[in-house]
Amino acid sequence: MIFRTRFAPSPTGPLHLGHAYSALLAHDLARSNQGQFFLRMDDIDQSRAKGHWAEQIKDDLTWLGITWDGPVWSQNARSESYTKVLQRLWDLGLLYPCSCSRADIKAAANAPQEGAPVLGLDGVVYPGTCRHIPKGTFQTDTPLRLNIKKALQDIDLKIITLTESSETSQQTAPQMIENIGDVVLLRKNMGTSYHLSIVIDDADQAITDVIRGEDLREATFIHILLQKILGLYTPNYLHHPLVRDENGKRLAKRDDARAISKYREEGLTRDDIRSMVGFDTKTLAT
Ligand code: GLU
């Protein structure tokens, strides 16, 4: 099987050192395995994604010596594929509409009968307020949540094992119900969500190896669960350490000082960037 990987930045700000590290790692692995490397814009949040950031990202990646195969995918252009899959999940009885705000969720989770609120991927784990409300017909203008308990029962999945190159981690079905809960698969005004789009796109591009930051390790359990429900191939996952600043804080989009474009302006070379993120510039393909 040909090695296929991708880099999926959100064009909501400049590419910084952390992104450069992730992109270089994935790109170099693809090239050294005679594989393919795809570039995909995670631009489903149209209120934040900007065309000029997408252009800047492509320009910075090219400057770093990164080449990609085929056209750049825009998730925003793929809404039909996402709707089809959501409709399928709806028909399986695995989705339900929910318009609870963050404040509603916090309040419900704090209710005395609920016990201590559990913190999950997106804040407090959803306590299931809307799960039993009659569902109506499939529509995409209200957020939709996955009924995780039903999904796990229907596919009789007791455990998800995440195998990385050197370690393995696991979540059992009760752990997933408690720690992940009913995640949103269709967000308001997006017609999709990060979790749904990334899984569909990885499948449609036949990605064999997902290389991304360790902050997404927990999200991977949802992605594998979705792959199992939908009968999709599960790629290998590699979660790399995050690039941090001198205070140990992970870099964020607002860290403009670490933007690749800033380093370019200051006259640094691509090899300087490679060394800054810990690559041996002599041994890796450029
Ligand atoms: N846009 C996501 C991010 O930058 C992509 C994550 C992924 O590769 O799955 O965090």
Side-chain angles (χ1 to χ4, degrees), residues 3-30 35-51 53-54 56-58 60-61 64 66 68-69 72-79 81-82 85 121-122 160 162 164 180 183-185 187 190-227 230 232-244 249-255 258-260 277:
F3 183 105
R4 288 166 150 240
T5 191
R6 81 313 189 262
F7 178 57
S10 313
T12 54
L15 197 78
H16 62 55
L17 273 183
H19 302 118
Y21 173 65
S22 202
L24 285 166
L25 193 62
H27 171 262
D28 286 2
L29 274 169
Q36 289 180 310
F37 174 84
F38 300 109
L39 178 60
R40 187 195 298 154
M41 292 296 162
D42 174 354
D43 52 4
I44 55 174
D45 184 353
Q46 284 288 297
S47 67
R48 293 173 61 229
K50 300 284 174 248
W53 287 127
Q56 176 79 56
I57 289 171
K58 286 191 275 183
D60 285 343
L61 291 174
L64 282 165
I66 289 177
W68 49 90
D69 296 288
V72 179
W73 276 28
S74 154
Q75 292 192 315
N76 188 42
R78 292 191 26 85
S79 56
S81 310
Y82 307 141
V85 174
L121 279 173
D122 304 317
I160 287 184
L162 169 60
E164 306 211 44
I180 296 173
V183 282
V184 176
L185 291 189
R187 290 200 175 274
M190 285 192 207
T192 183
S193 60
Y194 160 67
H195 298 307
L196 187 91
S197 313
I198 209 92
V199 164
I200 305 309
D201 290 354
D202 284 344
D204 287 355
Q205 286 188 311
I207 297 299
T208 59
D209 292 77
V210 172
I211 296 149
R212 60 187 181 192
E214 66 189 6
D215 53 326
L216 289 163
R217 188 188 300 267
E218 293 306 308
T220 302
F221 288 102
I222 301 174
H223 301 172
I224 298 177
L225 171 62
L226 288 174
Q227 287 151 4
L230 296 166
L232 302 172
Y233 172 79
T234 293
N236 300 315
Y237 284 94
L238 176 80
H239 296 99
H240 58 72
L242 301 179
V243 176
R244 296 183 183 274
K249 233 180 93 240
R250 61 177 285 202
L251 301 183
K253 285 264 160 58
R254 55 190 173 278
D255 285 312
R258 321 273 167 168
I260 299 304
V277 294

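One-based numbering along the sequence shown. Bear in mind the structure is a predicted one, so any value in this text is a computation, not a measurement. Whatever order the structure lists ligands and atoms in, that order sets their numbers, starting from 1.
- With a 4.0 Å cut-off on non-hydrogen atoms, Leu216 touches ligand 1 through its side chain and not its backbone.
- Residue contacts with ligand 1: Ala8 is placed with a nitrogen or oxygen under 3.5 Å of a nitrogen or oxygen of the ligand (distance criterion only).
- Nearest heavy atoms, Asn76 versus Asp43: N-OD1, 2.8 Å.
- Under 4.0 Å from ligand 1, not a single heavy atom of His19 appears.
- Distance alone, capped at 3.5 Å, is enough to place a donor-acceptor pair between the Glu164 side chain and the His239 backbone.
- Under a 4.0 Å criterion applied to the non-hydrogen atoms of Ile198, ligand 1 contributes the atoms 7 (C), 9 (O).
- Per-residue contacts place Ser10 under 4.0 angstrom from the following atoms of ligand 1 (heavy atoms of the residue considered): 1 (N).
- Residue Tyr194 touches ligand 1 through its side chain alone, judged by heavy-atom distances below 4.0 Å.
- Remark: distances from the non-hydrogen atoms of His223 to ligand 1 are all 4.0 Å or more.
- Ion pairing between Arg40 and Asp202 holds under the 4.0 Å rule for side-chain N and carboxylate O.
- Across every non-hydrogen atom of Ser22 and Phe7, the tightest pair is CB-CE1, 4.2 Å.
- Within ligand 1, counting atoms from 1 as listed, the ones closer than 4.0 Å to a heavy atom of Asp42 are 1 (N), 2 (C).
- Across all non-hydrogen atoms, the minimal contact from Thr5 to Asp209 is OG1-O, 2.6 Å.
- Using a cutoff of 4.0 Å between basic side-chain nitrogens and carboxylate oxygens, Asp204 and Arg78 are scored as salt-bridged.
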